[in-house]
Amino acid sequence: MVSGEHILVPLASRGADIDAIFNLNETGTFIWEKIDGRRTVAEIIALVVSEFQVSADQAALDCGEFFAQLLEARAVELVDAGKE
């Protein structure tokens, strides 16, 4: 957290590529804090619906876009639920 704002800065091979820096809003911060490797995407979407009183469809769209951006930036990776 910097000056009350949450940001994600890449530390790997891309360096401090300005396009890969995420300045998270309240919803983004909420989602980021729920990504723990144990919760499924569906569980996180349900938490977003509950916390922000949005429709499940809208939460799924918004979360899908956010997760896609995080995956592209290599800030997260997919975990196979069948493997531990």
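What you are looking at is a predicted structure, and each value in this text was computed from that prediction instead of being measured.
- Screening I44, T27, L8 for a side chain to side chain contact (heavy atoms under 4.5 Å, CB included) with W32, the sole residue that qualifies is L8.
- Here OG1 of T29 is found 5.0 Å from NE2 of H6. Values are rounded to the nearest 0.5 Å.
- Put simply, the side chain of L70 does not reach to within 4.5 Å of the side chain of I31, judged on heavy atoms.
- Counting only residues at least two apart or on different chains, the salt bridge (charged side-chain N to carboxylate O under 4.0 Å, His left out) pairs with a member in residues 38-50 are D36-R38, D36-R39.
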Without placing hydrogens or testing angles, list every side-chain donor-acceptor pair under 3.5 Å for residues 57-68, not counting sequence neighbours.
{"from": "Q58", "atom 1": "NE2", "to": "D62", "atom 2": "OD1", "distance (Å)": "2.8"}
{"from": "Q58", "atom 1": "NE2", "to": "D62", "atom 2": "OD2", "distance (Å)": "3.3"}

Next on the checklist: With side chain to side chain contact (heavy atoms under 4.5 Å, CB included) as the criterion, how do F22 and Q69 come out once you've worked through the C-alpha distance, each side chain's angles and the decisive distance to 0.1 Å?
Outcome noted: CA-CA 9 Å; F22 288 87; Q69 292 173 353; 3.8 Å; yes
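- When all heavy atoms of V76 and L71 are compared, the pair lying nearest together is O-CD2, 3.7 Å.
- Residue pairs meeting the ring pair (Phe, Tyr, Trp, His ring centres under 6.0 Å) criterion with at least one member in residues 41-62, sequence neighbours excluded, are F30-F52.
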